[in-house]
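These notes are about the structure you will find just below.
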Protein chains: 2
Amino acid sequence: MSPVGSGEESGDTAVGPKHHRDAVQQAAARLFSEKGFTATGVREIAGEAGVDPALVIRYFGSKEKLFLRTMTMSVDFADLMAGPLDGLGERAVTFVLGRTRTGGPSGPYGAGGERSYSAGVFAALLRASDRPTVRAHLAETVEEMFVGLVAGRLDGADADLRARLMAAQLTGLMTSMHVVEDPGLAAASDGEITRYYGRSIQLLIDG
Amino acid sequence: MSPVGSGEESGDTAVGPKHHRDAVQQAAARLFSEKGFTATGVREIAGEAGVDPALVIRYFGSKEKLFLRTMTMSVDFADLMAGPLDGLGERAVTFVLGRTRTGGPSGPYGAGGERSYSAGVFAALLRASDRPTVRAHLAETVEEMFVGLVAGRLDGADADLRARLMAAQLTGLMTSMHVVEDPGLAAASDGEITRYYGRSIQLLIDG
DNA sequence: GTCTATAGGTCGATAGAC
DNA sequence: GTCTATCGACCTATAGAC
C-alpha cells in the first residue's frame with residue numbers, strides 16, 4: 001500500500017532470513033513487472049532468487065500476496081505529486097513518458113533491495129485487476145497518490161473531483177503507452193506529447 | 001476488428017449451424033465482458049449457449065479466437081466518433097459514463113445476435129492484453145476509432161498526435177471508471193465529470 | 001529453516017463413437 | 001454434425017522428511 005519502503009516491514013510475519021526474503025521480493029518485482037502476474041510462476045521467481053519454490057509461498061503466504069507487496073508505485077512518483085502544483089501537469093507527463101525506471105539512475109538495486117519499473121508495475125496491476133484484491137490495491141494507490149497528495153492543495157471548486165480526473169488523464173497516458181502500447185504514441189516526440197497533454201492536465205489542476 | 005457487424009462474416013471457416021454459432025458468440029460476449037477472459041471457461045460459454053463444449057472450439061478454433069471475435073467495440077461508439085467535432089468532447093464523455101450498454105435501449109438482442117457492453121468489453125480487452133494478439137487487437141481498435149475516424153478531420157497542426165492523445169484521455173476515463181473502478185468517480189455527478197473532462201478533450205480536438 | 005515430492009485442481013483441446 | 005470421454009499440460013499450495 002505505502003510506496004515501496006526500505007523493506008523494513010518487520011511487523012509482519014517475518015519468516016525466513018532477510019537476504020532470502022529480499023532476493024525473492026527483488027526477483028518477483030522484476031518478473032511481475034516484466035511479464036505480468038499470470039505469466040510469472042512461483043518456480044520462476046524462486047529460480048531467479050536462488051531459493052526453493054516452496055519457500056516463496058512460506059515467506060509470503062501466496063503468490064498473490066507477494067504480488068501485492070511488490071507491485072507498488074514508485075516513491076519518485078509520489079514525490080512528484082507532492083511537489084509544487086505549478087507546472088505539475090508537464091512534469092507528470094514527462095515522468096510517465098521517460099522515467100520508467102525508479103530507484104536511482106542506473107545503480108544496482110535500491111536501498112530496500114527492490115527495483116521497480118513504474119510502467120511495468122502499472123501494466124501488471126491493471127492486467128491483474130480481475131482479482132478484487134488487486135483492484136482494491138489499485139484504487140487505494142490512486143487514492144493515496146492523487147486525492148491524498150494533491151486534492152487538498154487545489155484551489156477552487158470540486159477539488160476532489162478534479163484531482164481524480166487528473167488521475168484519470170494520467171492513467172490514460174500510462175495505459176495507452178504501456179498497456180495498449182500504441183505505436184503512434186511511441187513514435188511521437190516527448191516534447192509534443194508533454195506540451196499537449198501537460199496543458200490538459202494543468203487545466204484541471206488550475207481549475 | 002471491424003465493429004460488430006451483423007454476424008455475417010461468412011467468408012470465414014463457417015462451421016456449425018448459424019443459430020448455434022450465434023448462441024455461442026452471444027454467450028461468449030456476455031460472459032467475457034462480465035468476467036473477463038481467464039475467468040470465463042469454454043464449458044461455461046457452452047453451457048450458457050446450450051451447446052457442447054467441444055463445439056465451441058470446433059466452431060472458433062480456440063478460446064482466444066472466440067474472444068477476439070466477440071470483444072469488439074460497439075458500433076454506437078464508432079458512430080459517435082464519426083459525428084461532428086463540435087461538442088464531441090462532452091458527448092464522448094457522456095457516452096463513456098452512461099451508455100455502457102449498446103444495441104438498443106433495452107431490447108433483447110441486437111440484429112446480429114450479439115449484445116455488447118462497451119465498458120465490459122474494454123475492461124476485458126485491457127485485462128487480457130498480456131496476450132500479444134489481444135494487445136494488437138486493442139491497438140488496432142484505437143487506430144480505427146480515433147486516428148481513422150477523427151484525425152483526418154482535425155484542423156491545425158499535429159492532427160494525428162492530438163487524436164491519439166484524445167484517445168488516451170478517453171482511455172483514462174474508461175480505465176478509471178470501469179477497470180480501476182475508482183469509487184470517488186462513481187460517486188461524482190455525471191454532469192460535473194462531463195463538464196471538466198469534456199472540456200479537456202475538446203481542447204485537444206480544437207487544437 | 002530448507003527441500004522433495006506430490007496433492008489437488010483447473011483448463012483448453014482432441015480423438016473417436018454415434 | 002454432435003456428443004462423450006479423456007488427455008495432457010499447467011499451476012499453486014501443502015505435507016512431511018531432513
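Letters A, B, ... are given to chains in the order of the sequence lines, protein chains preceding strands, and every chain is numbered from 1.
The two atoms that bring B:Ile193 and B:Leu185 nearest to each other are CD1-O, 3.7 Å, heavy atoms only. Closest of all the heavy-atom pairs between B:Met145 and B:Met73 is CE-CB, 3.2 Å.
For the pair B:Phe67/B:Leu125, a side-chain contact is recorded, criterion being any heavy-atom separation below 4.5 Å from C-beta on. Two residues are said to be in side-chain contact when any heavy atoms from C-beta on lie closer than 4.5 Å; B:Phe37 and B:Ser129 fail this criterion.
At least one side-chain nitrogen or oxygen of A:Tyr59 sits closer than 4.0 Å to the OP1 or OP2 atom of C:dT2. A sub-4.0 Å separation between OP1 or OP2 of D:dT2 and a side-chain N or O of B:His20 is present.
Between the CZ atom of A:Phe60 and the P atom of C:dG1 there is a distance of 13 Å, rounded to whole Å.
Cation-pi contact between B:Arg21 and B:Phe60: present, with separation from the ring centre below 6.0 Å and deviation from the ring axis of at most 45°.
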- Message: For nucleotides 4-17 of chain C, give me one character per nucleotide, 5' to 3': B if any protein heavy atom sits under 4.0 Å from the base, S if the only such contacts are to the sugar-phosphate, - if neither.
- Response: B-------BBB---
